[in-house]
Amino acid sequence: MGTKARPFYRVVVAQGTAGRDGAFVEIIGTYNPLTKPHAVSIKEDRALHWLSNGAQPTETVAYLLKEQGILDTFFASRPAAKQKYKTLDKRTDSMAKKSVVSTPTATLPKAPEAALPAIEQAPAEVPVEVPEPAHEVNEVSQPPQDVAENAPATNEEEPATAEL
């Protein structure tokens, strides 16, 4: 149910072999996650009927049933059934911790300065002198003499040789 980007769910009772969108036995409620707070409407008598007949709610539906107080009523009538829902307690505990609003902590009084250990100050930074290069680089430099002597001759000086 719902539309694109606007979810709305039905809480249904279905066979375990039915597909996700397959046939269901009965609609027992609805869930709208877009409203603040979330709108949950579940028929308590029908939910208790199906739980007592052995229905196993999914984790999300179990959370919704716990939020509505239906699971607590079911556990009161069958205490041994609570063993199957150990993970639900962990999830509801973590959800309760997230919903707690944190308050700013009180500032602690400062300790007297005499009680604090002495802290040594680091020495001031000493400027480091960088030596200048030994020679300057000219923009146009002349090649050394020995390189110029061994260089090949230019095209003007080469004798024209032809092999036929």
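If you read the sequence from its start, that first residue is 1, and numbering goes on from there. Side-chain atoms are counted along with the backbone in the values below, which use heavy atoms only and exclude waters and symmetry mates. Bear in mind the structure is a predicted one, so any value in this text is a computation, not a measurement.
Minimum interatomic distance between P57 and A55 (heavy atoms only, all atoms of both residues): CD-O, 3.5 Å.
The salt bridge (Lys or Arg N to Asp or Glu O under 4.0 Å) pairs that include a residue from residues 68-80 are K66-D72, where partners are two or more places apart or lie in different chains.
The shortest side-chain heavy-atom distance between N32 and H38 does not fall under the 4.5 Å cut-off. Taking the side chain as every heavy atom from C-beta outward, E67 and L64 approach each other to under 4.5 Å. In this structure the side chain of T30 never reaches within 4.5 angstrom of the side chain of I42, judged on heavy atoms.
For the atom pair CD1 (I70) and CZ (F75), the distance works out to 12.0 Å, reported to the nearest 0.5 Å. Summarising the geometry, atom CG belonging to L51 is positioned 5.0 Å from atom CZ belonging to F74; distances are rounded to the nearest 0.5 Å.
Listed by chain and residue number, N53 satisfy the side-chain hydrogen bond (donor to acceptor under 3.5 Å, both in side chains) test with H49 (two or more places apart in sequence, or in another chain).
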Which pairs would a plain distance check flag for residues 5-27, meaning a side-chain donor or acceptor within less than 3.5 Å of a matching protein atom at least two apart in sequence or in another chain?
residue: E26; atom: OE1; partner: R46; partner atom: NE; Å: 3.4
residue: E26; atom: OE1; partner: R46; partner atom: NH2; Å: 3.1
residue: E26; atom: OE1; partner: W50; partner atom: NE1; Å: 2.8
residue: E26; atom: OE2; partner: R46; partner atom: NE; Å: 2.9

